[in-house]
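One structure is given here, and the rest of the page talks about it.
Just so you know, these numbers come straight off a predicted model, no measurement behind them.
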Amino acid sequence: MIEVSNLSYAAGDTRILHDVSTRIEKGGITALIGPNGAGKSTLLHCLSGLETPSAGSVRIDGIDPLAVRPEERARVVALLQQSPVLVSRLSVRDLVSFGRWPHHQGRPKAEDRDMVERALTAFSLTDLAERTIATLSGGQRQRAFIAMTWAQDTPWMLLDEPLNALDPRHARDLMARLHGLSRDGARSIVIVLHDINAAAGWADHIVAMKDGRIVAQDTSHELLTEPTLREVFDTPFELLEHRGRKVVVAR
C-alpha cells in the first residue's frame with residue numbers, strides 16, 4: 001500500500017501540492033486524472049522519492065522512499081518520467097537491461113538476463129531486441145521504455161503520461177497490455193492519464209486532482225459521474241455506456 005499523509009510541495013514560492021492525503025491499495029491500475037497543472041506528475045514524483053515534499057510523508061509498503069538508499073528504493077518502486085532521456089544508439093535489449101541495474105549493480109546473473117527476456121516478450125519487443133532505439137516508431141519506443149521499467153521488477157510501477165504522442169491504436173494497445181500484466185497482483189501500477197476514457201476503460205481506481213488537491217478518489221465506476229467530472233475539469237460531460245464500460249464525452 002502507498003500511504004500519503006498531509007503532503008505539500010512547493011517550487012520556490014509556488015505551492016503545487018496542498019495537504020494531500022490518500023491511500024493507494026495494492027493491485028491493478030490506479031489512474032491519476034485532472035486538468036493541466038493539477039499536480040499529478042508532482043505527486044507521482046513525490047511518491048517515487050524523486051522529489052522531496054515540503055511537508056507530510058509518503059510510505060510505500062511501510063518504507064519512506066527518502067530514508068533509504070537509492071538502490072533499495074529502486075527495488076520497491078520504478079518510475080518512468082514523461083520525457084525519458086533518448087539513448088538513440090542503444091539497442092532495445094540494452095535499454096531494457098538497464099532496468100536490472102538496481103538488482104545486479106553491474107554484475108548481471110542468469111536471473112537478470114531471464115527477466116530482460118520476459119520483459120521483451122511481455123511488450124512484444126523480442127523481434128526488435130537488436131534494433132537501436134533511433135530506428136523505432138514512437139509507439140515501439142514507448143513500449144521499450146516501459147519494458148525497461150517492468151524489468152526493474154518492483155511491486156510498484158509509476159508511469160507519467162505514457163500515452164503522450166501515441167495514436168489511438170497504440171494507446172489502446174499499451175493500456176490493454178498494462179491491464180493484462182497487472183491482473184496477477186504482483187505489480188501495482190499508478191499512472192498519470194489525460195485521456196479520461198483510457199482511465200474509464202482500463203483503470204481499477206481513479207484519483208482525481210485539481211489545483212494541487214485531491215477532489216475525489218474511488219473505483220473507476222463510482223468516480224466517473226457527471227458532477228464529479230464537471231467539478232474536476234470545469235466542463236460539462238455526458239456519460240454513455242458501451243459494452244459495460246463508461247464512455248465520457250465533453251459537451
Side-chain angles (χ1 to χ4, degrees), residues 2 4 7 9 15-47 80-83 137-139 142-143 146 156-183 187-251:
I2 294 179
V4 181
L7 191 76
Y9 179 87
R15 288 279 297 275
I16 298 175
L17 297 177
H18 305 266
D19 198 30
V20 170
S21 294
T22 186
R23 292 161 63 116
I24 301 176
E25 302 288 342
K26 280 187 174 182
I29 296 176
T30 297
L32 304 183
I33 68 169
N36 292 336
K40 305 180 297 295
S41 295
T42 300
L43 176 58
L44 201 74
H45 293 170
C46 288
L47 297 184
L80 181 63
Q81 300 186 66
Q82 279 188 47
S83 302
S137 69
Q142 192 72 316
R143 288 209 316 271
I146 295 176
W156 291 92
M157 283 180 63
L158 312 182
L159 306 176
D160 194 359
E161 298 191 30
L163 305 189
N164 273 3
L166 295 187
D167 61 35
R169 172 194 166 192
H170 286 103
R172 184 208 170 278
D173 176 73
L174 179 56
M175 289 305 300
R177 198 179 300 269
L178 291 171
H179 184 269
L181 291 169
S182 68
R183 293 306 91 188
R187 312 286 181 95
S188 303
I189 299 172
V190 183
I191 181 171
V192 174
L193 292 174
H194 272 297
D195 185 342
I196 304 173
N197 283 305
W202 303 107
D204 300 285
H205 294 83
I206 294 177
V207 176
M209 300 183 67
K210 181 181 180 181
D211 297 330
R213 295 177 171 87
I214 291 178
V215 176
Q217 50 191 321
D218 209 328
T219 64
S220 302
H221 183 78
E222 294 297 325
L223 184 138
L224 291 172
T225 65
E226 200 283 334
T228 297
L229 291 175
R230 181 194 290 264
E231 179 184 3
V232 173
F233 292 97
D234 294 320
T235 302
F237 289 89
E238 183 176 359
L239 271 74
L240 310 174
E241 192 159 315
H242 177 68
R243 296 182 180 178
R245 291 181 175 177
K246 290 187 176 182
V247 178
V248 181
V249 181
R251 293 190 304 192

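- Of all heavy-atom pairs spanning Asp204 and Gly28, the tightest one is OD2-CA, 3.2 Å.
- A cation-pi arrangement is present between Arg245 and Trp202 under the rule of less than 6.0 angstrom and at most 45 degrees off the ring axis.
- One side chain, Asn36 or His194, offers a donor N or O that lies under 3.5 Å from an acceptor on the other.
- No more than 12 heavy atoms of other residues, nucleotides or ligands sit less than 6.0 Å from atom CZ of Arg172.
- Distance alone, capped at 3.5 Å, places no donor-acceptor pair between the Gln81 side chain and the Asp160 backbone.
- Heavy atoms from other residues, nucleotides or ligands lying under 6.0 Å from CZ of Arg23 number 12 at most.
- Taking all atoms of both residues into account, the shortest heavy-atom contact from Ala31 to Ala199 is CB-CB, 4.0 Å.
- Panel note: side chain Asn197, backbone Ala200; no donor-acceptor pair is recorded below 3.5 Å.
- For residues 218-230, every residue pair satisfying the salt bridge (charged side-chain N to carboxylate O under 4.0 Å, His left out) rule, not counting sequence neighbours, is listed here: Glu226-Arg230.
- Atom CZ of Arg169 has 12 or fewer heavy atoms from other residues, nucleotides or ligands within 6.0 Å.
- A donor-acceptor contact under 3.5 angstrom links the side chains of Asp167 and His170, judged on distance only.
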### Task
Could you walk me through whether Phe237 and Ile196 pass side chain to side chain contact (heavy atoms under 4.5 Å, CB included), step by step?
CA-CA 11 Å; Phe237 289 89; Ile196 304 173; 3.9 Å; yes
### Query
Can you check side chain to side chain contact (heavy atoms under 4.5 Å, CB included) on Met157 and Leu159, steps first, answer last?
CA-CA 6 Å; Met157 283 180 63; Leu159 306 176; 4.0 Å; yes
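- At distances below 3.5 Å, at least one donor-acceptor pair connects side-chain atoms of Lys40 with backbone N or O atoms of Gly34.
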### Task
Go through the steps to decide whether Leu193 and Met175 satisfy the test side chain to side chain contact (heavy atoms under 4.5 Å, CB included), and finish with yes or no.
CA-CA 11 Å; Leu193 292 174; Met175 289 305 300; 4.2 Å; yes
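- For Lys210 (side chain) and Pro35 (main-chain N/O), no donor-acceptor pair under 3.5 Å exists by modelled atom type.
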